[in-house]
4 protein chains.
Amino acid sequence: MTPADQPVFRQSPAKRARRADAERNRAAIIEAAGAVFAEQGGTVDVREIARRSGVGMGTLYRHFPAKEDLLATVLEQEVASWLTAAHQAAAATEEPWQALTVFFEQALDILARNRALVESYAAAGPPACAPRRDAVMDELRIRCVNAGLLRGGVTTADLVLLLTSLSQVVQAADDGHPGQWHRLLRISLDGLSSRHTEPLPEPTLHADAPGND
Amino acid sequence: MTPADQPVFRQSPAKRARRADAERNRAAIIEAAGAVFAEQGGTVDVREIARRSGVGMGTLYRHFPAKEDLLATVLEQEVASWLTAAHQAAAATEEPWQALTVFFEQALDILARNRALVESYAAAGPPACAPRRDAVMDELRIRCVNAGLLRGGVTTADLVLLLTSLSQVVQAADDGHPGQWHRLLRISLDGLSSRHTEPLPEPTLHADAPGND
Amino acid sequence: MTPADQPVFRQSPAKRARRADAERNRAAIIEAAGAVFAEQGGTVDVREIARRSGVGMGTLYRHFPAKEDLLATVLEQEVASWLTAAHQAAAATEEPWQALTVFFEQALDILARNRALVESYAAAGPPACAPRRDAVMDELRIRCVNAGLLRGGVTTADLVLLLTSLSQVVQAADDGHPGQWHRLLRISLDGLSSRHTEPLPEPTLHADAPGND
Amino acid sequence: MTPADQPVFRQSPAKRARRADAERNRAAIIEAAGAVFAEQGGTVDVREIARRSGVGMGTLYRHFPAKEDLLATVLEQEVASWLTAAHQAAAATEEPWQALTVFFEQALDILARNRALVESYAAAGPPACAPRRDAVMDELRIRCVNAGLLRGGVTTADLVLLLTSLSQVVQAADDGHPGQWHRLLRISLDGLSSRHTEPLPEPTLHADAPGND
DNA sequence: CATGAATGAGGGTTCATTCAT
DNA sequence: AATGAATGAACCCTCATTCAT
């Protein structure tokens, strides 16, 4: 009760109190928006998000000046937290190929439950996250290359494209065929193994004819 | 004024003229809708389609009671014509594996130019076409199996899922990296080759797609 | 009942029927908007106009893609009809000075009952109408000059500014003092008479000090 | 911590500090609001004022329960300070007619730089100031009347209306024709001169403004 | 008392669908 | 049967005002 025990932070309590509440609201909005976007995609009515967050429209727009800002924030946060987990999982896995496999499994597991995230991949994903994602995937690739496990000529861009490709399939396939994408993932990853020595088509010369043997 | 010039079918000429006109309108609508949906996806304003078809909104809605009906019709027609071409190409290609490759190349080439078609794949495709598509793909699969080229345990559902997966990537990647999907296709198909003998993950229950015994 | 009596206009009736209805709606919108804008100014809710026109929002926006377009159309139409009447009145009045007086009386009478119109004068008026208005006023000015009634150096721009100036006062003053602006108009017009021979301040050199005698 | 330095009033120091703070806040709000209203008119967002004053919304609304109260206060204060200056200038000017001219020049100069002030004139001005303003203008009028310079029958209400009228024109005309209003002022004042002996139109009943016997 | 976050009733605008002609 | 104008429920966003801290 005496002011003696807060000798250092004089104005902090008030400021922090407000901040805390606002931050709680902001978090609630992000969480609700995350759920709603995941369920219904990026086209949902903003009111639905406000309702689920338990805040008014004004609060929502105070934190995110436009719907798109909210969507971007949510996506970036989700991607960031995914990448953190992915990085840890990769570090914890000795075997390079298994690390790569786990990475894809984990990513697709998340994507399978998030419509907005998948939608964002169709539009090349939230740009801010791409570098970090590419870094994580690059590391996984290098490890496989160094272990002689990865097919020659496979770039990180190829891996990203594979992820994009698979991301779009986890939801469609989950209607009635849950988990079928695991098979497709296995097939694709096998196609990446060093068992295949044939060169891949050049990325720059988009040849319509398939042959390059 | 007298109906003297149509002695046999009294109301037929009018009806027939109507029919012909209606059919021409229907075709115009489908063609315009096809172009518009391909360019802009399934969310375009219906007015745009009416404008490009040269018909009024009423006519459009007489032929297709809802936007979605029009979309479904257009997609089914496009898929049908694709499958016809695909079937012919497959019949004309001796080598089973190349037939499979050509099939995918051709399909993705079409999908790369058609936003609505790609969107439809995210929603499991126009249902009415699935059986025929599955039949065509099943035949390709069987040929590869019989030639000992296809990995054991690969189902037609797997191939469909692969197509779905790749379909989503042909447009996204075409920004800046046109044709990069050719590499991914090659990788995936290689993953399907009989070089790989490891069993694929179980489809986890109820598979509706054609079998693979 | 026989088609003999419409040998010439075959497709016209249908087309014209629709047009007529749409035109009636358009007119209803403009009229309602005119009334509402006049009463409440340019900030009224578009819904209020739709309600008073008896049309839906869509109809309103079909005819006027944006609220501002509607406002501009209404104002231009009102100004145009005013100028037509003003031109006729001017032509019908022999005496140049009385013609000028009548012009101002008429104009201010209209402005006194129209908030939006007055508002538009604060923003230099609907641009499209200015030339015609200036032409009408220029003619009035010339007549007075030729008759030796107008003070030397008075430009049309001065007259326009006078109109603008008085326009803003007809409503404010009408609360409790209806018609008081007639006195001010008389005073201002008297200041324009050739009885005054002192030169007016130069328009380009905006001198803050008043003296130029 | 001890209230030793204010031995007489025990709770005063806090209260007085509060009061001083509150007064400083109030002044800051009024100043910021004055600037903002002058620049952007009365429709500005209240947040803008809070921001420029450096106070929170709550403080602003504590001092002024509604936006309109703030606007009224600001306007009244500005008008009051203007009237003080105007009164001094009038007293310092020997010549009655020049005093009147200077009054208008000064007033319009102020109005030219203050959107909200001009807007308020369209709505008959901040009511609380009218009496004092009328008094100042009445005195100017009387001086001119006594010197035989003013046209017969000109009331203070006429002068007020002239000011109102001109106020609306100083901004509109300043786009491209800065200072053009000086010409209009000259014309109007000339119309007020005793050179004109024709009677003005009757005020049509109930005049609230100071008389002109 | 100050703060500034929260509120929510509108405001302008769009577009799938219906309906009078 | 064709036309395209009409409908109106939503949608995204703003801002004067209130209220918890």
Side-chain angles (χ1 to χ4, degrees), chain A residues 11 13-26 43-48 50 54-68, chain B residues 14-15 17-19 21-22 25 43-48 50-51 54-68 70, chain C residues 11 13-26 43-48 50 53-68 70, chain D residues 14-15 17-19 21-22 25 43-48 50-51 54-68 70:
Chain A
Q11 294 173 327
K15 267 197 178 171
R16 205 174 284 162
R18 219 353 129 192
R19 281 271 166 77
D21 225 46
E23 213 50 52
R24 199 157 45 232
N25 264 333
R26 190 188 158 91
T43 64
V44 272
D45 192 334
V46 187
R47 283 164 176 80
E48 172 71 12
V55 306
M57 292 291 302
T59 304
L60 201 155
Y61 273 87
R62 156 178 279 274
H63 287 285
F64 305 94
K67 186 191 183 182
E68 204 168 335
Chain B
K15 265 197 180 172
R18 285 277 159 78
R19 283 270 164 78
D21 241 39
N25 271 337
T43 64
V44 273
D45 195 326
V46 186
R47 286 166 207 346
E48 173 74 10
R51 210 174 304 131
V55 306
M57 294 291 294
T59 306
L60 201 156
Y61 270 85
R62 166 170 294 279
H63 286 286
F64 305 94
K67 188 189 186 182
E68 202 167 337
L70 173 56
Chain C
Q11 294 173 327
K15 267 195 177 173
R16 205 174 284 160
R18 217 355 127 194
R19 282 271 166 76
D21 226 45
E23 213 50 53
R24 197 156 47 231
N25 264 332
R26 190 187 157 91
T43 64
V44 271
D45 191 335
V46 187
R47 284 161 176 82
E48 171 73 11
S53 328
V55 305
M57 293 294 301
T59 303
L60 201 156
Y61 272 87
R62 156 178 280 275
H63 288 285
F64 304 95
K67 185 190 184 183
E68 203 168 335
L70 175 56
Chain D
K15 265 197 180 171
R18 285 276 158 79
R19 283 271 163 75
D21 242 39
N25 271 339
T43 64
V44 273
D45 196 325
V46 185
R47 284 159 184 43
E48 173 74 11
R51 209 175 304 131
V55 305
M57 294 290 295
T59 306
L60 200 157
Y61 271 85
R62 164 170 296 279
H63 286 286
F64 305 94
K67 187 189 185 182
E68 203 166 337
L70 173 56

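All figures in this text were calculated on a predicted structure; none of them were measured in a lab.
Helical stems involving DNA chain E, defined as 3 or more consecutive Watson-Crick or G-U pairs under 3.5 Å, span E:2-21 with F:2-21.
For R51(D), the side-chain hydrogen bond (donor to acceptor under 3.5 Å, both in side chains) criterion is met by E48(D), not counting sequence neighbours. Y61(C) meets the side-chain contact (heavy atoms from CB on, under 4.5 Å) test with V46(C), M57(C), K67(C); sequence neighbours excluded. Contacts of R62(D) classified as salt bridge (charged side-chain N to carboxylate O under 4.0 Å, His left out), with partners at least two apart in sequence or in another chain: none.
Distance, E48(A) CD to dA10(F) P: 13 Å, rounded to whole Å. Look at CZ on R51(B): it is 11 Å from P on dC15(E), rounded to the nearest Å. With rounding to whole Å, E68(B) atom CD is found 9 Å from dT17(E) atom P. When the P atom of dT14(F) is taken as reference, atom CZ of R47(D) falls 10 Å away, rounded to whole Å.
Between R24(A) and H63(B), the one whose closest nucleotide on DNA chain F sits nearer the 5' end is H63(B). Of the two residues near DNA chain E, A66(C) and K67(B), the one whose nearest nucleotide lies more 5' is A66(C).
Here N25(D) does not reach the OP1 or OP2 of dC1(E): none of its side-chain N or O atoms lies under 4.0 Å away.
Nucleic acid contact for A50(C): none, since no nucleic acid atom lies under 4.0 Å from a heavy atom of the residue.
For the pair L60(D) and L70(D), the tightest heavy-atom approach, listed with the atom from each and the gap, is CD2-CD2, 3.9 Å.
Across residues 54-62 of chain B, V55(B), G56(B), M57(B), G58(B), T59(B), R62(B) each have a non-hydrogen atom less than 4.0 Å from an atom of DNA chain F (numbered order).
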